[in-house]
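Everything below concerns the one structure shown next.
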Amino acid sequence: MPAPRAAGYMLASLLLALTQGLGMNLISANLPQIQGAVGATTAEATWLMAAYMAPNVSLSLALIKIRNQYGLRNFAELSILGFVVVASMHLFVDDLHSALVVRFLSGIVAAPMSTLCFLYMLEPFAPARKLTVGLSLALTSLSLGMPVARLISPGLLQIGLWHGLHVAEIALALMAFAAVYLLPLTPQPRAKVIELLDIVSFLLIATGFGLTAVVLTLGRLYWWFEAPWLGMMLAGGVASVTLAAVIELNRKSPLLDIRWLASPEVIHFTGALLIFRIILSEQTTGAVGFLQALGLTNDQTAVLYGITLAASIAGGLACAAVMKPGREAWIHVAALTLLMAGAFMDSHATSLTRPEQMLLSQAMIAFAGSLFLPPALASGLMSALKRGPNYILSFVIIFLTTQSIGGLLGSAILGTYVTVRTKVHAAALVQRIVLTDPIVAQRVSQLEAAYGRVITDKAQLGTQGLNLLNQQVTREANVLAYNDLFLLVAALAGLALAALLIHMAILALGRLVADPQPAN
């Protein structure tokens with residue numbers, strides 16, 4: 001393929017990745033501003049994220065067979081057209097109920113964007129480089145949505161608040177729409193692959209994954225044991241997936257090979273990806289939540305997200321340069337080392353920490369994130385291909401589950417951990433505050449002075465001083481809780497690194513025993 005045309009395909013892939021990434025991250029990056037625009041509480045506004053993720057986490061499973069049966073060209077054109085239409089619907093949303101409907105539709109039409117991103121990035125590369133350079137660049141493109149969304153959000157909010165957030169998304173979708181029609185993908189043979197039981201199994205899997213996604217998104221807001229409907233939804237999700245597994249185990253040509261998915265090799269691979277997603281939540285849940293707890297907004301953290309964006313791109317390019325079969329383990333060692341070091345550096349934060357003090361640590365984590373996934377995905381794909389094309393679909397469900405459900409699980413676990421540790425630290429700090437202590441009395445007096453010119457009543461003045469002191473205690477408890485979180489992530493990364501090194505040593509010893517070097 002000529003270089004200009006190859007560059008066009010790669011640019012189309014980047015456009016598709018950013019279009020999908022902005023659709024997913026613009027809401028989560030601006031939830032406080034959006035809840036005011038649609039007249040909702042924080043918990044109600046979070047339903048916008050749940051509505052998006054509910055259909056999105058499972059649809060790619062169905063899209064593989066749809067693409068094979070109805071043709072790649074039709075799939076690409078109709079997918080991007082649907083995204084443009086739904087993205088434009090955001091401009092007409094003015095209340096929470098209509099926003100929920102549009103966000104649910106957005107989750108549906110965004111699912112094909114990731115697939116198209118992969119296909120367009122792999123298109124110009126020779127077969128030998130599709131699973132090395134092409135895969136690294138595609139995954140890197142998909143990781144850029146979060147930092148880009150936080151970088152451009154302040155300007156978009158000034159343009160038109162809730163509606164302004166989607167201006168760039170619509171513009172990117174229109175450019176991607178033109179690129180898809182101008183640059184067709186290589187056609188693939190069609191085949192009738194969809195069976196009636198495929199539809200039944202998919203609906204059960206989609207229901208189970210969707211209910212689980214809603215629970216993981218909203219659980220720590222409504223709290224896990226205080227809202228009975230959370231347990232009912234989770235039970236329904238587990239029952240749906242279990243019923244789908246029973247159906248698939250008794251089919252001659254199943255949608256998913258459950259027995260292969262339950263093999264030790266696949267369980268090991270799935271566990272590794274899941275642990276990585278939980279560790280990587282340090283950036284999306286830990287660092288972002290910490291800065292928000294200190295009262296910083298997106299425009300005050302622009303430099304940090306700019307550095308994160310640059311580090312993600314650098315990590316993807318570095319992975320593309322060094323990735324070859326047999327190097328996956330060493331690349332993962334480097335990624336886990338960077339993750340452990342970055343999280344440990346963040347664990348020394350204080351209430352005076354600002355984004356400038358987190359530039360290096362967050363750059364290391366972003367670099368590691370781009371470094372880890374491509375080798376893991378390439379090795380998993382090769383393992384599935386060795387068993388035959390029918391195993392590709394089963395592998396896709398593993399990857400999607402660990403990346404979508406795994407990401408939500410990581411955020412839920414780490415967010416819950418911060419909430420619990422905040423309560424623990426707040427209780428410990430309050431126990432040490434005694435008003436008869438001269439130091440405490442002096443601090444309250446200093447805080448009262450801020451209202452001294454507008455409040456003359458001594459009792460009211462004392463109440464305001466205590467309120468300000470309570471706010472400071474809560475802030476310090478939050479900081480200590482996030483430090484605990486960063487230490488926990490560093491420990492998880494360290495344990496994963498130690499397990500990987502032990503596994504590598506066992507494999508090397510086994511090869512040495514099986515094929516000893518001849519004596520000199």
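Quick caveat, the model's predicted, so the values are computed rather than measured.
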Quick check: are there more than 12 heavy atoms from other residues, nucleotides or ligands sitting under 6.0 Å from [atom1] of [X]?
X: Arg354; atom1: CZ; answer: yes
X: Met504; atom1: CE; answer: yes
X: Trp330; atom1: CH2; answer: no

Which heavy atom of [X] sits nearest a heavy atom of [Y], and at what distance?
X: Gly237; Y: Thr212; result: CA-OG1, 4.5 Å
X: Ser153; Y: Leu26; result: OG-CD2, 3.7 Å
X: Pro375; Y: His332; result: CB-NE2, 3.8 Å
X: Val489; Y: Leu414; result: CG2-CD1, 4.2 Å
X: Ala335; Y: Ala368; result: O-CB, 3.3 Å
X: Leu309; Y: Leu151; result: CD2-CD1, 4.0 Å

Quick one: does [X]'s side chain get under 4.5 Å of [Y]'s, heavy atoms only?
X: Val479; Y: Phe290; value: yes
X: Ile506; Y: Ile502; value: yes
X: Cys117; Y: Leu142; value: yes
X: Trp47; Y: Val214; value: yes
X: Leu294; Y: Asn478; value: no
X: Leu274; Y: Ile405; value: no
X: Ile80; Y: Leu16; value: yes
X: Arg220; Y: Tyr417; value: no

Exercise. How are the rings of Tyr482 and Phe486 set relative to one another: parallel (under 30°), tilted (30 to 60°) or perpendicular (over 60°)?
Worked result: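 Answer is tilted, since the angle falls between 30° and 60°.
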
Exercise. Looking at residues at least two apart in the chain, or sitting in another chain, which of them share a side-chain hydrogen bond (donor to acceptor under 3.5 Å, both in side chains) with Thr416?
Worked result: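 Per chain and number, Thr416 pairs via side-chain hydrogen bond (donor to acceptor under 3.5 Å, both in side chains) with Trp224.
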
For this session: Mind checking side-chain hydrogen bond (donor to acceptor under 3.5 Å, both in side chains) for Glu356 and listing every partner two or more places apart, or none if nothing turns up?
Result: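 For Glu356, no residue satisfies side-chain hydrogen bond (donor to acceptor under 3.5 Å, both in side chains) once neighbours in sequence are set aside.
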
When rounded to the nearest 0.5 angstrom, what is the spacing between [atom1] in [X] and [atom2] in [Y]?
X: Phe83; Y: Met113; atom1: CZ; atom2: CE; result: 6.5 Å
X: Ile331; Y: Phe372; atom1: CD1; atom2: CZ; result: 11.0 Å
X: Leu96; Y: Glu44; atom1: CG; atom2: CD; result: 6.0 Å
X: Leu18; Y: Met175; atom1: CG; atom2: CE; result: 9.0 Å
X: Leu135; Y: Phe118; atom1: CG; atom2: CZ; result: 5.5 Å
X: Gln283; Y: Met146; atom1: CD; atom2: CE; result: 4.5 Å

Exercise. Do Glu476 and Ser351 pass the side-chain hydrogen bond (donor to acceptor under 3.5 Å, both in side chains) test, and can you show the C-alpha distance, the side-chain angles, and the key distance before you say yes or no?
Worked result: CA-CA 7 Å; Glu476 296 301 323; Ser351 57; 2.9 Å; yes

For this session: Before giving the answer on side chain to side chain contact (heavy atoms under 4.5 Å, CB included), spell out for Arg150 and Val288 the whole-Å C-alpha distance, their side-chain angles and the decisive distance to 0.1 Å.
Result: CA-CA 10 Å; Arg150 293 188 177 274; Val288 171; 3.3 Å; yes

For this session: Apply side chain to side chain contact (heavy atoms under 4.5 Å, CB included) to the pair Gln362 and Glu282, showing each step before the final yes or no.
Result: CA-CA 9 Å; Gln362 289 302 299; Glu282 192 272 1; 3.4 Å; yes

Under a 3.5 Å distance rule, please check whether [X] uses its side chain to pair with a backbone N or O of [Y] as donor and acceptor.
X: Ser370; Y: Phe367; value: no
X: Ser411; Y: Leu408; value: no
X: Ser13; Y: Tyr9; value: no
X: Thr217; Y: Ala50; value: no

Exercise. Between the side chains of Asn483 and Ser347, is a donor N or O closer than 3.5 angstrom to an acceptor N or O?
Worked result: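 Distance-only check fails for Asn483 and Ser347.
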
For this session: Only counting residues at least two apart or in another chain, list the ones meeting side chain to side chain contact (heavy atoms under 4.5 Å, CB included) with Ala43.
Result: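 Listed in chain order: Thr41, Tyr222.
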
Exercise. Would Val102 and Tyr52 count as a side chain to side chain contact (heavy atoms under 4.5 Å, CB included) if you check the C-alpha gap in whole Å, the side-chain angles of each, and the deciding distance to 0.1 Å?
Worked result: CA-CA 9 Å; Val102 173; Tyr52 180 95; over 6 Å; no

For this session: Evaluate side chain to side chain contact (heavy atoms under 4.5 Å, CB included) for Thr308 paired with Leu359, printing each intermediate quantity in order.
Result: CA-CA 8 Å; Thr308 300; Leu359 294 180; over 6 Å; no

Problem set entry | side chain to side chain contact (heavy atoms under 4.5 Å, CB included) partner of Val418, chosen from Leu485, Thr285, Leu488 |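 Exactly one pass, corresponding to Leu485.
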
